[in-house]
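Take a look at the structure set out below.
When a residue number appears, it is its place in the shown sequence, counting from 1. Values below: every heavy atom of this structure, side chains too, minus hydrogens, waters and symmetry copies.
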Amino acid sequence: MRAELRVGLAWLSELRLSSGAGSGMCLLLGATGVGKSLLVKRLQKLSSRDGKGDLGDPPPTRPTVGTNLTDIVAQKKITIRELGGCMGPIWSSYYGNCHSLLFMVDASNPTQLSASCVQLLGLLSAEELAKASVLILFNKMYVSVSDLPCYMTIEEMKSLIRLPDLMACAKQNITTLEISAWKGTGLSDVLRWLQDTHRTNG
């Protein structure tokens, strides 16, 4: 219990220190195991190569417990704050100073879709995120998801959670992308979105 309390106090201390700093944070959220840590590492490597070149083999990752801050350079420095999926109940503590939001969904795990939908609804209804630009990432965690017994297409997933209706009613500007952080597919588009979204944020 004492160890958990120390971790919690450390999070709050970091939050106070970072509150109001910088030119606007990019939050990276999603359920546990959707590939957030891998995405950040891939984007960091991709940005160092100006969005070009082979990313090589995927680096090792482990589930995030707490929060990780990563700087990437996409024409200007952008700080991505990744929050562990297990921190869902206190995600709202980090909404302040959020300029953009990356929300990841594991496109190879339809059984997790309902939980991700509930999380997304909570984010879109948060007043502090009303002006944030949102990018929903459907991430394929496996090389060949069509071989999985519970495989669904991205379009079927979007229809199941009524994503078009959500986008029509939301206050935020919402974009969707299909990516594979494992293979590197679509990550240049993510980098480009970050560039465009943070370009005018001083």
Side-chain angles (χ1 to χ4, degrees), residues 11-12 14-32 34-37 39-40 42-44 46-47 64 66-107 113 115-139 157-158 161-179 181 186-202:
W11 288 342
L12 291 175
E14 180 187 350
L15 176 61
R16 286 195 295 269
L17 289 173
S18 62
S19 178
S23 61
M25 186 75 61
C26 173
L27 280 182
L28 173 56
L29 305 176
T32 300
V34 297
K36 298 187 296 295
S37 297
L39 174 69
V40 168
R42 294 294 226 179
L43 287 177
Q44 191 175 39
L46 187 65
S47 67
T64 299
T67 174
N68 289 329
L69 289 174
T70 303
D71 290 333
I72 66 171
V73 180
Q75 295 182 345
K76 64 186 293 185
K77 187 178 78 170
I78 299 171
T79 301
I80 298 177
R81 182 189 291 276
E82 175 198 352
L83 300 179
C86 62
M87 291 178 62
I90 61 170
W91 279 355
S92 58
S93 301
Y94 295 87
Y95 291 171
N97 196 38
C98 175
H99 181 65
S100 64
L101 169 65
L102 303 177
F103 183 76
M104 290 190 75
V105 177
D106 183 355
L113 193 58
S116 292
C117 183
V118 170
Q119 291 175 331
L120 179 59
L121 284 171
L123 294 170
L124 296 181
S125 62
E127 193 61 36
E128 287 182 284
L129 297 178
K131 296 183 179 180
S133 297
V134 179
L135 178 60
I136 302 174
L137 300 170
F138 290 89
N139 181 40
M157 285 187 166
K158 290 179 179 180
I161 65 174
R162 302 187 67 174
L163 187 58
D165 293 338
L166 290 180
M167 294 175 65
C169 297
K171 298 177 182 179
Q172 298 86 348
N173 179 24
I174 302 176
T175 306
T176 64
L177 281 176
E178 300 175 29
I179 67 167
L187 299 193
S188 294
D189 293 328
V190 178
L191 200 60
R192 191 174 303 113
W193 182 87
L194 287 170
Q195 290 174 345
D196 294 341
T197 301
H198 288 259
R199 179 175 295 150
T200 58
N201 186 246

Main-chain N/O of [Y] paired to [X] side chain as donor or acceptor, under 3.5 Å:
X	Y	result
Gln172	Leu129	yes
Asn139	Ala181	yes
Trp91	Gly84	yes

Roughly how far, to the nearest 0.5 Å, is [atom2] of [Y] from [atom1] of [X]?
X	Y	atom1	atom2	value
Leu194	Asp189	CG	CG	11.0 Å
Thr70	Leu43	OG1	CG	9.5 Å
Glu127	Tyr95	CD	OH	12.5 Å
Ser188	Trp193	OG	CH2	15.5 Å
Leu102	Leu177	CG	CG	9.5 Å
Leu29	Cys98	CG	SG	7.5 Å

I'd like to check [X] versus [Y] (side-chain heavy atoms, cut-off strictly below 4.5 Å). Are they in contact?
X	Y	answer
Ile80	Leu69	no
Leu135	Leu101	no
Val34	Leu137	no
Ser37	Glu82	yes

## Note on the structure
Correct closest heavy-atom pair for Gln119 and Ala31 would be OE1-N, 3.6 Å
### Task
Go through the structure and list residues passing side chain to side chain contact (heavy atoms under 4.5 Å, CB included) with Arg162, not counting sequence neighbours.
Asp165
### Task
Under the side chain to side chain contact (heavy atoms under 4.5 Å, CB included) rule, collect the residues that match up with Met167, sequence neighbours excluded.
Leu163, Ile174, Thr176
### CA sep, side-chain torsions, deciding dist, call: Met25, Tyr94, side-chain contact (heavy atoms from CB on, under 4.5 Å)
CA-CA 10 Å; Met25 186 75 61; Tyr94 295 87; over 6 Å; no
### Query
Between Thr79 and Asp71, do the side chains contain an N or O donor and an N or O acceptor separated by less than 3.5 Å?
yes
#### Entry: Any side-chain donor near an acceptor of the partner, His99 and Thr197, under 3.5 Å
no
### Query
Can you name the residues that form a salt bridge (Lys or Arg N to Asp or Glu O under 4.0 Å) with Lys131, not counting sequence neighbours?
none
